[in-house]
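What follows is a single structure, written as structure tokens, with notes after it.
Reckoned from all heavy atoms, side chains included, excluding hydrogens, waters and symmetry mates. Throughout, protein chains are lettered first and strands after them, A, B, ... in sequence-line order, and every chain is numbered starting at 1. From a predicted model like this one, the values you see are computed outputs, not experimental measurements.
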Protein chains: 2
Amino acid sequence: MSNFEAFFDYIQEISGKLLSANDKHLLMAHFKPKKLRKRQYFLQEGDVCKYIGFIVKGSARTFTVDEKGHEHILKLSLENWWLADFESFYLLTPSRFNIEALEDLEVLQSTNAQIEEFLKHVPAFSAMANAISQNYTIANQKRMQAAISYTAEERYEDLIRNYPQFLQRFPQNMIASYLGLSPETLSRIKKNSFKH
Amino acid sequence: MSNFEAFFDYIQEISGKLLSANDKHLLMAHFKPKKLRKRQYFLQEGDVCKYIGFIVKGSARTFTVDEKGHEHILKLSLENWWLADFESFYLLTPSRFNIEALEDLEVLQSTNAQIEEFLKHVPAFSAMANAISQNYTIANQKRMQAAISYTAEERYEDLIRNYPQFLQRFPQNMIASYLGLSPETLSRIKKNSFKH
DNA sequence: ACATTGAATTGACTTATATCAAGGCTATTT
DNA sequence: AAATAGCCTTGATATAAGTCAATTCAATGT
């Protein structure tokens with residue numbers, strides 16, 4: 001299945017290790033392809049995030065809804081990213097988040113218990129997990145720094161630098177929410193940044 | 001050395017595995033005790049973060065200085081936490097951060113190359129690394145959500161709930177900076193929160 | 001013990017960002 | 001093709017938070 005080829009390439013590239021034929025069979029046996037249409041939910045608030053998904057195609061947003069009914073986007077996710085509420089996934093607690101497909105979405109999904117097995121038995125998989133953990137730590141540190149020390153305009157410029165794909169793939173109001181801004185404010189920032 | 005006992009206990013508790021006598025000798029051979037007095041720097045902006053430190057005693061802050069000379073605290077760290085700029089430590093790039101002792105500080109420190117060895121040869125150590133990675137991911141997700149969707153007052157309440165020790169150990173202006181607030185604003189928030 | 005420095009508070013004022021409301025444009029659905 | 005819904009922009013106004021300055025108090029160094 002061509003779905004899995006991209007997945008295998010990704011694992012091998014990021015881990016720097018090769019997958020054996022056996023490894024590949026094991027992964028194919030326990031990652032299930034799942035398709036969601038735009039607007040469908042991968043996870044709903046209150047449910048346990050039983051599955052982690054590797055995005056083969058499409059995009060999604062992870063968001064909360066506050067008491068005033070306002071949505072706040074914590075993550076925007078694209079191809080070759082992992083999709084889950086990790087807190088709920090690791091601890092098996094009810095999630096505070098919703099995860100919704102923003103475009104038609106194809107993922108390969110598996111459970112926490114299965115992931116533990118891959119970590120034990122597939123060296124490339126566990127090397128990948130370590131590499132991802134490093135990347136996430138670095139990305140989180142950068143984003144947190146931006147959140148506490150940058151102005152709205154600087155955060156937007158930072159996003160353009162780090163995730164230029166987002167501008168192509170996501171509507172501006174989603175990007176505003178991801179940056180912690182109102183859509184109006186982002187619109188004004190874009191207008192003013194011409195002047196600089 | 002009593003320093004190491006606390007360290008070993010920590011590793012065993014968080015990993016759920018025991019350290020052999022051999023493991024302990026290996027750790028003691030390659031983690032060097034280091035003491036810093038209050039105000040001394042564990043890391044300076046521009047330097048590569050060669051060492052990761054396990055805090056045995058004391059506290060530290062990780063912060064940046066922006067173009068206007070304002071300091072922004074990204075992390076506050078206490079006993080049994082790991083101290084490093086992980087981006088610089090993993091990638092061996094010059095750090096954008098400073099790490100300064102806020103109280104007299106005792107750490108056990110080691111290099112990235114050594115850590116790799118421990119991960120390979122000490123099962124409890126690598127299990128600990130995986131557990132920490134999960135905890136960090138969860139904590140980062142929470143803090144990021146707070147940053148984009150909470151008001152200043154809600155972020156402060158969140159801090160009281162999650163890290164009550166901070167109020168005892170750190171001056172209020174440090175906490176304000178950690179929350180991304182001016183000291184004056186935090187002072188006013190405290191005054192007003194009596195009214196609610 | 002005295003002098004100095006740093007921390008916290010408060011008031012007055014400024015600035016950044018949110019909110020509310022309206023209008024126009026575009027894409028999607030029927 | 002018409003109707004609809006979603007998205008973006010703009011203006012007017014409100015609110016939250018920052019800045020600057022002054023004062024008090026506590027902690028620290030000599």
d([atom1], [X]; [atom2], [N]) in whole Å:
X: B:Leu179; N: D:dA17; atom1: CG; atom2: P; answer: 11 Å
X: B:Asn192; N: C:dG11; atom1: CG; atom2: P; answer: 11 Å
X: A:Ile148; N: C:dA16; atom1: CD1; atom2: C1'; answer: 18 Å
X: A:Glu153; N: C:dA16; atom1: CD; atom2: P; answer: 10 Å
X: A:Glu103; N: C:dA27; atom1: CD; atom2: C1'; answer: 15 Å
X: A:His72; N: C:dA18; atom1: NE2; atom2: P; answer: 10 Å
X: A:Lys38; N: D:dA5; atom1: NZ; atom2: C1'; answer: 12 Å
X: A:Leu181; N: D:dT9; atom1: CG; atom2: P; answer: 14 Å

Would you be so kind as to tabulate the donor-acceptor pairs closer than 3.5 Å made by side chains of residues 28-37 of chain A, with sequence neighbours excluded?
from	atom 1	to	atom 2	distance (Å)
A:His30	ND1	A:Gln114	NE2	3.3
A:Lys32	NZ	A:Ala29	O	3.3

**Item:** Ring-face cation contact, A:Phe97 with A:Arg61, 6.0 Å cut, 45° max
**Value:**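 Checked: cation-pi criterion not met.
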**Asked** Under 4.0 Å: is that the gap between some side-chain N or O of B:Ser182 and OP1 or OP2 of D:dG18?
**Response**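 Yes, such a contact exists.
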Would you please classify the geometry between the [Y] ring and the [X] ring as parallel, tilted or perpendicular, with 30° and 60° separating the classes?
X: B:Phe8; Y: B:Phe4; answer: tilted
X: A:Tyr136; Y: A:Phe86; answer: perpendicular
X: A:Tyr10; Y: A:Phe54; answer: tilted

Anything under 3.5 Å between a protein N or O and an N or O of nucleotides 3-9 of chain C, put it in a table, one pair a line.
from	atom 1	to	atom 2	distance (Å)
C:dA8	OP1	B:Gln172	N	2.8
C:dA8	OP2	B:Gln172	N	3.4
C:dA8	OP2	B:Asn173	N	2.9
C:dT9	OP2	B:Gln172	NE2	2.6
C:dT9	OP2	B:Ser187	OG	3.0
C:dT9	O5'	B:Ser187	OG	3.3

**Item:** Carboxylate-amine/guanidinium contact A:Glu154 A:Arg161, below 4.0 Å
**Value:**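 Salt bridge between A:Glu154 and A:Arg161, a charged N being under 4.0 Å from a carboxylate O: no.
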